[in-house]
Amino acid sequence: MIRNTRDAWGSVAKCFHWTVALLVLAQFALGLAAVSWRLSPLKLDLFVWHKSTGVLILVLMVLRMTWRLANPVPDLPDAIAPWERRAAHLGHFLLYAMLFAMPISGWVVNSAANIPFRIFWQVPLPGIVEPDHALARLAARVHLALFIGLSVLLLLHVGAALRHHLLRRNNVLTRMLPQVRGRA
Ligand code: HEM
Ligand code: HEM
């Protein structure tokens, strides 16, 4: 099943979810490693990997958002209380917002700091703002604050998924997992 239905996520939405999840975790590690590494050719390479992966996440998010708007969104199980539904919708909305804001703020840092950069060493990334040191420092602080916010949100997100599965014993987690042949 490629498209979503009212009860189930389709394979495309699942593939977006888990690909972006893996890339975001790798991106945290790459960003922290690049920032803390001593000045060396490896540090510069870590930054190219970090920024390139970030641009890839942004492109995937644009496609994911488009796919989501063109598909029904599965309803949560009936037993879920209205406040939980609202919390889930707000949490997912914030996750989407953060997954756009993180790469865009990184792009602003890169443009304002006027650092030439080619995505995966190939395609130059155009600037989105004029070079400006004060703006570069501010955007770097925003990028760091967003990282902290996204980390907290992800802890809540994973905690909520595990709560559904282990305590509430509903299908909210399993319906987001890849379909294994033979499993209902
Ligand atoms: C970096 C990691 C992750 C990110 C950025 C992320 C992001 C998201 C987003 C934005 C949604 C909403 C999907 C939509 O409405 O289109 C979602 C749904 C979901 N996520 Fe994650 N997620 C991550 C990791 C995880 C992990 C590790 C788990 C499981 C332990 C998980 C379980 C789920 C489940 C079960 C749903 C579906 C909820 C529903 O059916 O309403 N996610 N995720
Ligand atoms: C989802 C996407 C992204 C995530 C999760 C992410 C995460 C991070 C993290 C964890 C750090 C280290 C902590 C910090 O100092 O802020 C960092 C630093 C940095 N990132 Fe990203 N990033 C993303 C996208 C990007 C993109 C697309 C670019 C540029 C095109 C970028 C450029 C930078 C730069 C220049 C720094 C160093 C900031 C400084 O000097 O303090 N990031 N990022």
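One-based numbering, in listed order, for ligands and for the atoms of each.
Taking a cut-off of under 4.0 Å to the non-hydrogen atoms of Trp18, the atoms of ligand 1 that pass are 26 (C), 27 (C), 28 (C), 29 (C), 31 (C). Interface of Arg64 with ligand 1, defined as ligand atoms under 4.0 Å from a residue heavy atom, comprises 8 (C), 9 (C), 10 (C), 11 (C), 13 (C). Close contacts of ligand 1 with Leu76, meaning ligand atoms under 4.0 Å from a residue heavy atom, involve 41 (O). Set against the non-hydrogen atoms of Leu154, the atoms of ligand 1 under 4.0 Å away are 1 (C), 2 (C), 3 (C), 4 (C), 5 (C).
Linking ILVMFWY side-chain heavy atoms closer than 4.5 Å, directly or via other members, places Val109 and Val24 in two distinct hydrophobic clusters.
Here the closest non-hydrogen pair linking Ala161 and Leu173 is O-CB, 4.0 Å. Annotation for Ser111 and Gly127: closest pair OG-CA, 3.5 Å, computed over non-hydrogen atoms.
Ile80 has its side chain within reach of Val172: a pair of non-hydrogen atoms, C-beta onward, lies under 4.5 Å apart. Between Leu125 and Lys51 there is no side-chain heavy-atom pair separated by less than 4.5 Å. Considering only heavy atoms from C-beta on, His17 stays 4.5 Å or farther from Trp9 through its side chain. At least one side-chain heavy atom of Glu84 sits under 4.5 Å from a side-chain heavy atom of Arg168. Residues Phe117 and Leu44 are not in side-chain contact: their nearest non-hydrogen atoms beyond the backbone lie 4.5 Å or more apart. Looking only at side-chain heavy atoms (C-beta outward), Asn114 and Asp132 stay at 4.5 Å or farther from each other. Put simply, the side chain of Val55 does not reach to within 4.5 Å of the side chain of Trp107, judged on heavy atoms.
Shown here are the side-chain hydrogen bond (donor to acceptor under 3.5 Å, both in side chains) partners of Arg118, two or more places apart in sequence or in another chain: there are none. For Phe147, the ring-ring contact (aromatic ring centres under 6.0 Å, His included) partners two or more places apart in sequence, or in a different chain, are Phe28.
At a cut-off of 2.8 Å, measuring from atom 21 (Fe) of ligand 1, the protein N, O or S atoms that fall short of it are His17 NE2, His157 NE2, waters left aside.
At least one heavy atom of Trp9 sits less than 4.0 Å from an atom of ligand 1. Residue contact check for ligand 1: Arg175 places a non-hydrogen atom closer than 4.0 Å to it.
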Show me a pair-per-line table, with atom names and distances to 0.1 Å, of protein N or O atoms that are under 3.5 Å from an N or O of ligand 2.
unit_1	atom_1	unit_2	atom_2	d
ligand 2	20 (N)	His50	NE2	2.9
ligand 2	20 (N)	His143	NE2	2.9
ligand 2	22 (N)	His50	NE2	2.9
ligand 2	22 (N)	His143	NE2	2.8
ligand 2	42 (N)	His50	NE2	2.9
ligand 2	42 (N)	His143	NE2	3.0
ligand 2	43 (N)	His50	NE2	2.8
ligand 2	43 (N)	His143	NE2	2.7

